[in-house]
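Side chains included, hydrogens not; waters and symmetry mates left out as well; all remaining heavy atoms used. Here is the naming used below: chain letters follow the sequence lines, and residue numbers restart at 1 for every chain. What you are looking at is a predicted structure, and each value in this text was computed from that prediction instead of being measured.
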There are 2 protein chains.
Amino acid sequence: MPKRVDHEERRTQIAEALVRVAGRRGLHAVGMREVAAEAGVSLRLVQYYFETKEKLLLYGLQQLAGQLGARVAERLRAAGDNPGPRATIEALLRESLPTDEESRTFHLVYTSYAVLSVTDEALAAQPFTDDPDAAEDAVTRLLQEAQDARLTAPDMDARGEAAGLLAMSAGLGTSILVGQRTPDSALAVLRLHLDRLFPEGGAGPSID
Amino acid sequence: MPKRVDHEERRTQIAEALVRVAGRRGLHAVGMREVAAEAGVSLRLVQYYFETKEKLLLYGLQQLAGQLGARVAERLRAAGDNPGPRATIEALLRESLPTDEESRTFHLVYTSYAVLSVTDEALAAQPFTDDPDAAEDAVTRLLQEAQDARLTAPDMDARGEAAGLLAMSAGLGTSILVGQRTPDSALAVLRLHLDRLFPEGGAGPSID
DNA sequence: ACCATGATGGTACGGTCGTATCACGAAAAC
DNA sequence: GTTTTCGTGATACGACCGTACCATCATGGT
């Protein structure tokens with residue numbers, strides 16, 4: 001047999017090129033040829049590792065979803081439980097805001113996928129329900145911890161608040177994306193909400 | 001001179017077809033020919049009234065933004081001030097949720113435009129900053145009224161809370177769109193937030 | 001009655017897209 | 001050393017897209 005190439009590595013390389021192009025020119029405008037050029041390979045190679053464009057998009061989505069999951073997990077682990085639930089949640093939500101250029105690209109492409117998945121049934125809707133559900137679970141857990149530690153109101157609906165928090169964070173992210181709001185003002189809005197959720201005095205050390 | 005046709009009416013008719021097609025197959029997939037077929041006119045006519053596709057999209061966006069503004073204004077007028085600020089805000093935000101098929105199409109296409117506007121500089125970003133700003137002003141005003149009537153905390157940051165409320169509403173709308181959340185559960189989350197904003201006892205009659 | 005002109009239909013053109021086909025190099029297996 | 005098979009390149013094909021061009025019809029002004 002001839003030289004064996006790590007398929008998964010190539011696929012990742014190409015998928016990363018896809019994400020870069022999509023972030024620059026919009027997911028709707030990416031073509032196989034442009035992805036190939038961005039990845040530094042020939043068009044044929046893109047076809048070789050992903051037989052069809054649909055599969056390429058799907059793989060790109062999965063990779064993006066994986067990155068998001070990994071990023072959130074890392075945040076959770078890095079922050080640990082030491083700074084207190086409030087700071088952990090704040091760090092988590094801040095991560096999910098398109099602040100720097102990288103996360104901006106990430107959010108743009110992810111949102112593009114989401115919009116496409118509504119009409120293009122080929123793009124599985126799983127990542128758009130499973131991942132948010134996982135995030136909701138995580139935030140819910142953190143809120144419950146805070147509740148157990150008497151940091152929040154005893155009658156707080158942790159799951160509902162988590163859902164609201166994440167929805168607000170997502171909405172703020174979109175606002176930043178379209179240029180309506182600055183990352184700083186979005187963060188301020190988020191903090192305002194968290195301040196009401198965590199009555200003064202019980203908050204852990206603020207990270208900034 | 002030959003028969004004169006109301007250009008604005010025709011343009012509206014074609015733009016409505018555009019929105020219908022975009023809601024069905026995705027904004028990225030709409031072509032001039034399909035829009036023409038949906039509107040019941042020939043391709044040439046679409047070209048005649050909108051010289052280029054970009055102008056067609058722009059017109060469609062403006063019309064969509066106008067519809068949104070009109071819908072919100074109507075809500076504000078219909079609800080009036082009689083049910084109290086809380087109920088008015090709730091009605092406002094509920095309107096901005098993709099509940100029925102019509103508003104679902106509306107939100108999908110509007111979101112598609114928003115995503116496109118990030119990379120396609122041709123699509124003016126104004127509607128994506130002006131309209132939300134107007135909505136924020138309206139909600140801020142309502143919150144201030146409520147604050148003056150001692151329905152909310154005296155130290156509430158009306159503008160910040162309005163921004164958060166709208167962001168959460170937008171995020172919930174997207175969740176509904178991608179099938180992660182049902183309209184009912186989204187509404188419940190919204191009410192949960194409003195309940196905390198408006199302490200019990202001061203709320204006006206609930207509308208349902 | 002007869003034009004001038006707005007409205008409309010039909011169709012062709014250049015380009016790009018995703019995909020398929022053909023061909024070749026190179027290295028592991030025997 | 002030959003053969004088989006993976007990896008890679010170049011290129012062609014058919015479809016569709018947005019746009020442009022040309023012809024025709026209908027009608028209001030004179």
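- Here C:dA7 presents its P atom at 14 Å from CZ of B:Phe50, a figure rounded to the nearest Å.
- For the pair B:Met32 CE and C:dT11 P, the computed distance is 19 Å after rounding to whole Å.
- When heavy atoms are screened at a 4.0 angstrom cut-off, B:Val30 is found touching the sugar-phosphate backbone but no base atom.
- Put simply, CG on B:Asp6 is 11 Å from P on C:dT8, counting in whole angstrom units.
- One cannot find a donor-acceptor pair under 3.5 Å joining the base of D:dG7 and the side-chain atoms of A:Arg4.
- Rounded to an integer number of Å, the gap from NE2 of A:His28 to C1' of C:dG18 is 17 Å.
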task = Verify salt bridge (Lys or Arg N to Asp or Glu O under 4.0 Å) between B:Arg33 and B:Glu38, making sure each step is shown before the conclusion.
result = CA-CA 9 Å; B:Arg33 288 166 175 82; B:Glu38 175 77 22; over 6 Å; no
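- Rounded to a whole Å, the CG atom of A:Leu56 is 10 Å from the P atom of C:dT19.
- Rounded to an integer number of Å, the gap from A:Lys53 NZ to C:dT16 C1' is 11 Å.
- Using a 4.0 Å cut-off, no side-chain N or O of A:His7 falls inside it from OP1 or OP2 of D:dC6.
- At the phosphate of D:dT8, neither OP1 nor OP2 sits under 4.0 Å from any side-chain N or O atom of A:Tyr48.
- Phosphate proximity of C:dT19 to A:Thr52: present, with a side-chain N or O under 4.0 Å from OP1 or OP2.
- Comparing B:Gln47 and B:Val5 by the nucleotide of DNA chain C whose heavy atom lies nearest to each, the residue mapping closer to the 5' end is B:Val5.
- Taking only side-chain nitrogens and oxygens, A:Ser42 comes nearer than 4.0 Å to OP1 or OP2 of D:dG9.
- Using a 4.0 Å heavy-atom cutoff across all strands shown, A:Tyr49 reaches sugar-phosphate atoms only and no base atom.
- The main-chain N or O of A:Ser96 is found under 3.5 Å from a side-chain atom of A:His107 such that the two form a donor-acceptor pair.
- Between the P atom of D:dT19 and the CZ atom of B:Arg33 lies a distance of 10 Å, rounded to the nearest Å.
- Between A:Glu54 atom CD and C:dC17 atom C1' there is a gap of 16 Å when expressed in whole angstrom units.
- Nearer to the 5' terminus of DNA chain D, by closest-nucleotide assignment, is the contact made by A:Leu43 (compared with the other of B:Leu43 and A:Leu43).
- Between the side chain of A:Arg44 and the base of D:dG7 there is no donor-acceptor pair of N/O atoms closer than 3.5 Å.
- A salt bridge does not link A:Arg25 with B:Asp120: every distance from a Lys NZ or Arg NE/NH1/NH2 to an Asp or Glu carboxylate oxygen is 4.0 Å or more.
- Salt-bridge formation is detected for the pair B:Asp195/B:Arg86: a Lys NZ or Arg NE/NH1/NH2 atom is positioned less than 4.0 Å from an Asp or Glu carboxylate oxygen.
- Here the two rings, on B:Tyr113 and B:Phe128, have centers that are 6.0 Å apart or farther.
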